[in-house]
Amino acid sequence: MRAVVYQGPYDVAIEDVDEPEIEHPNDVVIDITTSCICGSDLHMYEGRTSAEEGIVFGHENMGIVSEVGEAVSTLEEGDRIVLPFNVSCGFCQNCEEGYTGFCTNVNPGFAGGAYGYVAMGPYQGGQAEKLRVPYADHNALKLPEGREHEDAFSLLADIFPTGWHGTELANLQPGESVAIFGAGPVGLMAAYSAKIKGAAEIYVVDQVPSRLELAEEHCDATAIDFSEGDPVDQIIEEHGGMVDKGVDAVGYQATDPDDVDTDTEDYSYQPAKENPAVVINNLIRVVRPTGELGIPGLYVPEDPGAPDDMAAQGRLGIDFGKFFEKGLKCGTGQCNVKSYNRYLRDMIIEGRADPSWVVSHRVNLDEASDMYEAFDAREEGVTKVLLEP
């Protein structure tokens, strides 16, 4: 079958790989109908992880069940399902308590598993024609038959629940104000979640105009372009003070606008120097005393492409003294997708939510290499790319 295979930094290709098979009675195999390119995939694509050549990418997957293991009891051939990016067993202590992103059985020596991702277990990715799904009764979320809501349902694999998770980590309440750093797919979904939850004021920070326009149009957010000045100062001036809550939807490859040459007319599109701590420190500054931070943005214990030796070891220069002084609280970690996806699915079915507006491209699998390049370059108009075999 055809699949998106990592060749090395900034290089993916479509190759023929072995088709997946039932390996355990609890498995199913699906024919992929949609798989998404995720911002997290870019960390591997850029060579910023220890991913080895030959890995098949793709942790945001949905499709039709084509083979069923003999122990599977709730699924049958022809069922349409979407999968959490988390691979989890359903019966370890963390899974039983709802922390399916930190399953201790599916990836020995590491809390959590995922499809097609470095260090997240032996699970092939779904940017391919087929995918094996382990612990299928537990991991699959059934969808209505047909193709209705295909784009929206595909986002249940990761970015819609992860955006929602960011607001949950920050304990966002109706009527509160929130600053969201990053207007990539997760940041936009965090802003959309904040709108659904009834946030009074939503500020979204980025420098890509098309992404900020989406935040304004679909999330009723105030756009903050950090290339135009300190985003914290901009938010405080616009809001009239600090906000109640903050969300980091950027992660460890954040850039520092203070390092951009502002003497040129086109400085807003120059690559800025990376500063892995800048977003967290900006949140510490912009959130009011006793407020709360949600950090679903990815941070890693090792970064081979880090800007300095400390960051290479996953150690960041966090303004903890100010964090303590303000009595802030903070929630971190990858999303436990199963905690949210069933409810978000039902909101989509009932017309209460439709996150499909974030999708900018749906293309054939053969176009994956070009779309990885465009998405990585943050090209105007490229927000969320869906692949279909």
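Just so it is clear, the structure is predicted and the values come from calculations on it, not from any experiment.
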Verdict with supporting geometry, E60 and S154, side chain to side chain donor-acceptor pair (under 3.5 Å): CA-CA 7 Å; E60 302 181 14; S154 71; over 6 Å; no

Show, in sequence, the C-alpha distance, side-chain angles and deciding distance for S210 and E380, and conclude whether the side chain to side chain donor-acceptor pair (under 3.5 Å) test is met. CA-CA 6 Å; S210 60; E380 275 291 315; 3.2 Å; yes

Would F85 and Y115 count as a side chain to side chain contact (heavy atoms under 4.5 Å, CB included) here? Give the steps. CA-CA 6 Å; F85 75 87; Y115 302 96; 5.5 Å; no

Can F375 and H361 be said to form a ring-ring contact (aromatic ring centres under 6.0 Å, His included), step by step? CA-CA 10 Å; F375 188 38; H361 294 73; 9.6 Å; no

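W357 has its side chain out of reach of E217: every pair of non-hydrogen atoms, C-beta onward, lies at least 4.5 Å apart. A 4.5 Å side-chain heavy-atom check between T100 and K338 finds at least one atom pair inside the cut-off. Inter-residue side-chain proximity for F153 and P144 is flagged as met; some heavy-atom pair is nearer than 4.5 Å. I30 places a side-chain heavy atom less than 4.5 Å from the side chain of L83. In this structure, the side chains of I81 and V65 come closer than 4.5 Å at one or more pairs of heavy atoms.
Judged by distance alone, the side chains of D158 and H59 do bring a donor and an acceptor atom under 3.5 Å apart. Side-chain contact check for K197 and T167: at least one donor-acceptor pair (N or O, by modelled atom type) lies under 3.5 Å. In summary, the side chains of R362 and T34 do present a donor paired with an acceptor at a separation below 3.5 Å, with no hydrogens or angles considered. Between the side chains of T222 and E238, not a single donor N or O lies within less than 3.5 Å of an accepting N or O. Side chains of E292 and N171: a donor on one and an acceptor on the other come within 3.5 Å. A donor-acceptor contact under 3.5 angstrom links the side chains of D248 and Y299, judged on distance only. A donor-acceptor contact closer than 3.5 angstrom is absent between the side chains of N86 and S88. In summary, the side chains of N94 and T104 do not present any donor paired with an acceptor at a separation below 3.5 Å, with no hydrogens or angles considered. If you check the side chains of Y192 and H218, you find no donor sitting under 3.5 Å from an acceptor.
Looking at S360, its side chain does come within 3.5 Å of a backbone N or O of T383 through a donor-acceptor pair. Listed for the Y117 side chain is a donor-acceptor partner under 3.5 Å among the backbone atoms of S40. Between the Y123 side chain and the V106 main chain, a donor and an acceptor come within less than 3.5 Å of each other. Between the side chain of K142 and the backbone N or O of V82 there is no donor-acceptor pair closer than 3.5 Å. Side-chain atoms of N364 never come within 3.5 Å of backbone atoms of E367 as a donor-acceptor pair (strictly under, hydrogens ignored). A donor-acceptor contact shorter than 3.5 Å links the side chain of K326 to the backbone of R285. Of the possible donor and acceptor atoms, none in the side chain of N107 sits under 3.5 Å from a partner among the backbone N and O of F110. Here the side chain of K130 pairs no donor or acceptor atom with the backbone of E21 at under 3.5 angstrom. No side-chain donor-acceptor contact under 3.5 Å links E201 to the backbone of V178. Side chain of N26 to backbone of Y135: no donor-acceptor contact under 3.5 angstrom is found.
Nearest heavy-atom pair across P161 and N341 is CG-CB, 4.5 Å. The nearest pair of heavy atoms linking A254 to V278 is CB-CG1, 3.7 Å. Of all heavy-atom pairs spanning G90 and C95, the tightest one is N-SG, 3.4 Å. Taking both residues in full, the closest heavy atoms of L75 and V28 are given as CD1-CG1, 4.2 Å, listed atom of the first, atom of the second, then distance. The heavy-atom pair separating A170 from G246 by the smallest distance is CB-O, 3.7 Å. Of all non-hydrogen atoms in N105 and C89, the two that sit nearest each other are ND2-SG, 3.4 Å.
Of the residues listed (V385, L42, D11), the one engaging Y372 in a side-chain contact (heavy atoms from CB on, under 4.5 Å) is L42, and it is the only one. Here the rule is side-chain contact (heavy atoms from CB on, under 4.5 Å) with Q127, and of V5, V4, V12, I14 only V4 fits it.
Put simply, CE on M347 and CZ on F160 are 5.5 Å apart, with the number rounded to the nearest 0.5 Å. Separation of atoms CD1 (I235) and CD1 (I180) is listed at 10.0 Å; rounding is to 0.5 Å. Atom CG of L131 is separated from atom CD of E19 by 12.0 Å, given to the nearest 0.5 angstrom. Note: I64 CD1 to E145 CD = 8.5 Å, rounded to the nearest 0.5 Å. Interatomic distance, E77 CD to S66 OG, rounded to the nearest 0.5 Å: 7.0 Å. Rounded to the nearest 0.5 Å, atoms CD1 (I37) and OH (Y45) are 9.0 Å apart.
Within 6.0 Å of atom CD in E97, more than 12 heavy atoms from other residues, nucleotides or ligands are found, so the atom counts as buried in its surroundings. For Q93, the CD atom sits in a loose shell: 12 or fewer heavy atoms of surrounding residues, nucleotides or ligands are nearer than 6.0 Å. No more than 12 heavy atoms of other residues, nucleotides or ligands sit less than 6.0 Å from atom NZ of K322. Other residues, nucleotides and ligands place no more than 12 heavy atoms under 6.0 Å from the CD atom of E148. Few gaps surround CD on Q7; more than 12 heavy atoms of other groups in view lie less than 6.0 Å from it. Summarising the local packing, NZ of K195 is surrounded by more than 12 heavy atoms from other residues, nucleotides or ligands at distances under 6.0 Å. Atom OH of Y99 sits in a sparse spot, with 12 or fewer heavy atoms from other residues, nucleotides or ligands closer than 6.0 Å. Residue-environment remark: CD (E373) stays at or below the threshold of 12 foreign heavy atoms within 6.0 Å.
Looking at R80 and E150, a side-chain N of the basic residue comes within less than 4.0 Å of a carboxylate O on the acidic one, giving a salt bridge. Residues K273 and D256 are not paired through a salt bridge, judged by the lack of any N-O separation under 4.0 Å between the basic side chain and the carboxylate. Ion pairing between R315 and E302 fails under the 4.0 Å rule for side-chain N and carboxylate O. A salt bridge links R2 with D366: the distance from a Lys NZ or Arg NE/NH1/NH2 to an Asp or Glu carboxylate oxygen falls below 4.0 Å. A salt bridge links E23 to R132: one of the charged nitrogens lies within less than 4.0 Å of a carboxylate oxygen. Electrostatic pairing of R48 and D303 counts as a salt bridge here, judged by a charged N lying under 4.0 Å from a carboxylate O.
Checked against salt bridge (Lys or Arg N to Asp or Glu O under 4.0 Å), R378 has the following partners two or more places apart in sequence or in another chain: E46, D376. For the side-chain contact (heavy atoms from CB on, under 4.5 Å) test, residues two or more places apart in sequence or in another chain that qualify with A277 are N275, N281, L316, I318.
Residues L212 and V243 do not share a hydrophobic cluster, clusters being chains of Ile/Leu/Val/Met/Phe/Trp/Tyr side chains in contact below 4.5 Å.
Between F323 and F320, the two ring planes are parallel [angle under 30°; tilted spans 30° to 60°].
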